[in-house]
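Naming convention: chains lettered A, B, ... in sequence-line order (proteins, then strands); numbering from 1 in each chain. Computed from a predicted model, the values in this text were never measured in an experiment.
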4 protein chains.
Amino acid sequence: MPPQRKSPDATRRSQPTRAAILTAALELAGEVGYARLSIEGIAARAGAGKQTIYRWWPSKGAVLFDALLALSDDGSADDATADLPNTGDLAADLKMVLRATVDELTDPRLSDPMRALTVEVLADPELAQTWRTRLDEPMRAMKTRRLRAAQEAGDLAPDVDLAVAADLVWGPLQNKWLFGPEPLTHAYADAVVDTALAGLAQASRRRSDT
Amino acid sequence: MPPQRKSPDATRRSQPTRAAILTAALELAGEVGYARLSIEGIAARAGAGKQTIYRWWPSKGAVLFDALLALSDDGSADDATADLPNTGDLAADLKMVLRATVDELTDPRLSDPMRALTVEVLADPELAQTWRTRLDEPMRAMKTRRLRAAQEAGDLAPDVDLAVAADLVWGPLQNKWLFGPEPLTHAYADAVVDTALAGLAQASRRRSDT
Amino acid sequence: MPPQRKSPDATRRSQPTRAAILTAALELAGEVGYARLSIEGIAARAGAGKQTIYRWWPSKGAVLFDALLALSDDGSADDATADLPNTGDLAADLKMVLRATVDELTDPRLSDPMRALTVEVLADPELAQTWRTRLDEPMRAMKTRRLRAAQEAGDLAPDVDLAVAADLVWGPLQNKWLFGPEPLTHAYADAVVDTALAGLAQASRRRSDT
Amino acid sequence: MPPQRKSPDATRRSQPTRAAILTAALELAGEVGYARLSIEGIAARAGAGKQTIYRWWPSKGAVLFDALLALSDDGSADDATADLPNTGDLAADLKMVLRATVDELTDPRLSDPMRALTVEVLADPELAQTWRTRLDEPMRAMKTRRLRAAQEAGDLAPDVDLAVAADLVWGPLQNKWLFGPEPLTHAYADAVVDTALAGLAQASRRRSDT
DNA sequence: ATTTAAACGAGACGGTACGTCACGTCTTCTG
DNA sequence: CAGAAGACGTGACGTACCGTCTCGTTTAAAT
């Protein structure tokens, strides 16, 4: 396969500049909020030329995306192979994970740029694609792995679709974070896990009834 | 109480112009997508002056919001007092409602401007407030009423938090619509309802275990 | 004739802004010289938006052109109908006019922007056309009128082409101004007039010889 | 004297590259016109690095200058010692020279880059200095030599300032080339020579009158 | 023939200005 | 006086070049 015709030479890329841009993007996303964030502003804050940003990122959202990725990967192990905890107690494990998510989404340093990124993802299909392959799908795989383990251990009903199960557990949190007026709490995370596991229906009318 | 000093006199408002603006907003939101929608574009398409828009709406999102409201209210009864169907079969009722939602969110004529509005809501806290009081809260109330009826009828476990229950049922749909790559389906709606009602856990380890 | 489709409505044009732009252009042309003059700079200095400049002028040179025109028309009579002096003494009249030109081209306030405009005229064919019809041709007509009067009065040889004659008198000055290292002087103006009138050749070998 | 610290070593200069740059400059000046000519464009067209241009030339205009010089010096004798023709017939000689100039300035291959250079000369005082010492002054000297010979031969009036005389003959041509709408012609060259030699005034009122 | 220092191509970088688009405010004219 | 029309100051967009600055890679003079 021949190399891309006009792609920039990544080996010559200035790492200090890249870091400055990502930092600036993150800071500004938090400071001025989801909307007034501008490439011009990022470049100015980073002490970089606009062209340098356009050279390496296709859109404002892509910068933010990389900025958030860099924040997560910061010294930690590779996320691609990471796994959710499995202590044998599914409910406890899920609560732990969801509580950690709540903590992240409650910290404005992380939540504000994350929210900005989410807006960009909704508005930019190309960025959405990137977001799916590089963030969402790995996360879904990780969740599914844990749930499958639970299913094999007999903690999960064998006829449950794991994708739907994951949606049931993580969907409400995501929604409340995006649209809810009040902040996320550990209590809410716990309630979602308990309710999802137990189901809404009366014990006497379950599964077999449907 | 005397009228506000600066608020425009709504009695003089031109209804044809208002309709033209809302229609133009809807059309453009679908045509150019959630991003390139502009007030100038709406005004031009509607044959209206920009000032007319600024006089009556505080933001681009507010126009879109009204446009979608107008679309829903179109001749129908007042949504505030509407109720979800209650045939006595909770699962069937929920599936019906969710399938209807899927149909709406699958039709590009409705889905595209709705998506645009969602982006605006996420980016504009003021609009978010309006959206919550005028759309989300009434809807949540409606959902809660139906669920409470089910609880009272013994179809729902008595210890279930109705708010959490509603999140469990409607959250996954909303999420998949916003972020999922593939379109919503009736099958997915059904799966969500069934799984939420039955719960994820094995029958032998339910509720009492928590 | 129908009006231009998209031409701006000149009646709504802001005269204070127009004046500020022309003044700023003139000042900057003098200050930063023929080259570093930018539309952005003019707009900033004038406290105007760039779009306002682009709305009314097709190019940077056109702004400068108008600025210089405005400077000349400043309260004076209409140039279109003006005439060169005619006291009956052609040599004296020409010297007076050329000396006045020398004075203008020696004053940096006028000379610097004029030089900038000249550069633009050379580089922009469209501007060159405007410059010809609105400045050069009226001037040439004015010069030709005076020379024709001289010819009719018997001061100019009857077989002299008036266009060539005008070139002979005004061309050297223009050239020396543009390219010469030393500044223009009254003495040079006088020498050009005298030499052009008398001719280069020895008296004994004139006209009839050619 | 030790060599300059930072001056490049001319002996190592790549002649093929130099030629490619000059050719590219010439071509582009003709193709994209006096304005859109850029150093980046020249480098790209020449297959050279930008730094190579900046190493050897102080400005875009200097490149163009060298390019035109190289075009003229192409195998011919040294211009510095060249002389205008002197057949004894001043008028005929001048016409011959001016007609040759007209031919050059009419050929777009030469005229277009020359025009571009002229614009640069007007805008860049440093380049103007180079242009004067290396092109204009030698040319003026050449012209003056021929005119002085004529004066000594009695073909030119003894009181004529030779610098002014040269301006009178060559100035109009230069001007018409730069600013005139219609192209230069041999007829115009002839007319200028004849008129300059004979003078504008009636024979009966010449020289002695001033 | 080998070394070695430069010139070279390539192109990333911080900048400046370009010309365009949309913002939200304003003013003027029309129905 | 609401509404159309649209000029205005503002600010961001994405692009083109500027001139400087590394990077390896030739390449030609000095070993």
(message) Return whichever of C/E40 or C/Q15 has its heavy-atom-nearest nucleotide of DNA chain F closer to the 5' end.
(response) C/Q15
(message) More than 12 heavy atoms of other residues, nucleotides or ligands under 6.0 Å from CD of B/E126: yes or no?
(response) no
(request) Nearest whole angstrom, please: distance from the P of F/dA2 to the CD1 of B/I53. (result) 17 Å
(request) In whole angstrom, give the distance that lies between atom CZ of B/R13 and atom C1' of F/dA2. (result) 11 Å
(request) Take B/I39 and A/S14, find for each the nucleotide of DNA chain E with the closest heavy atom, and name the residue whose nucleotide sits nearer the 5' end. (result) A/S14
(message) If you count every heavy atom of other residues, nucleotides or ligands that lies below 6.0 Å from A/R109 atom CZ, does the total exceed 12?
(response) no
(request) Could you check how far CZ of C/R12 sits from P of F/dC8, rounded to whole Å? (result) 10 Å
(request) For atom CZ of C/R36, decide whether the heavy atoms of other residues, nucleotides or ligands shown that lie under 6.0 angstrom number more than 12. (result) no
(request) Could you pick out which residue, A/D9 or D/I21, lies toward the 5' side of DNA chain E when each is mapped onto its nearest nucleotide? (result) D/I21
(request) State which of E/dG19, F/dT20, F/dA12 makes the closest approach to the side chain of A/S38. (result) F/dA12
(message) I'd like to know if the side chain of A/K60 and the backbone of A/L37 have a donor-acceptor N/O pair within less than 3.5 Å.
(response) yes
(message) Can you identify which nucleotide, out of E/dC13, E/dC8, F/dC18, has its nearest atom closest to the A/W56 side chain?
(response) E/dC13
(message) Applying a 4.0 Å non-hydrogen cut-off, can you work out what C/T17 is touching in the nucleic acid: base, sugar-phosphate, or nothing?
(response) sugar-phosphate
(message) Nearest whole Å is fine: how far is F/dT25 C1' from D/Q51 CD?
(response) 16 Å
(message) What is the separation between atom NZ on D/K60 and atom C1' on F/dA16, rounded to the nearest whole Å?
(response) 12 Å
(request) To the nearest Å, give me how far apart CH2 (A/W57) and P (F/dC13) are. (result) 15 Å
(request) Round to a whole Å and report the spacing from CD1 of B/I42 to C1' of E/dC23. (result) 13 Å
(message) Whether the side chain of C/R45 engages the backbone of C/A25 through a donor-acceptor N/O pair (distance < 3.5 Å, no angle test) should be reported.
(response) no
(message) On DNA chain F, compare the nucleotides closest to A/K50 and C/A46; which residue's is nearer the 5' end?
(response) C/A46
(message) Check the phosphate of E/dG14 against A/T52, side-chain N and O only, distance under 4.0 Å to OP1 or OP2. Yes or no?
(response) yes
(message) OP1 or OP2 of E/dC8 versus the side-chain N and O atoms of D/R55: is any pair under 4.0 Å?
(response) yes
(message) How many whole angstroms separate atom OH of C/Y54 from atom P of E/dT20?
(response) 7 Å
(request) Mind checking B/G41 for me? I need base, sugar-phosphate or nothing, with any heavy atom below 4.0 Å counting as a touch. (result) nothing
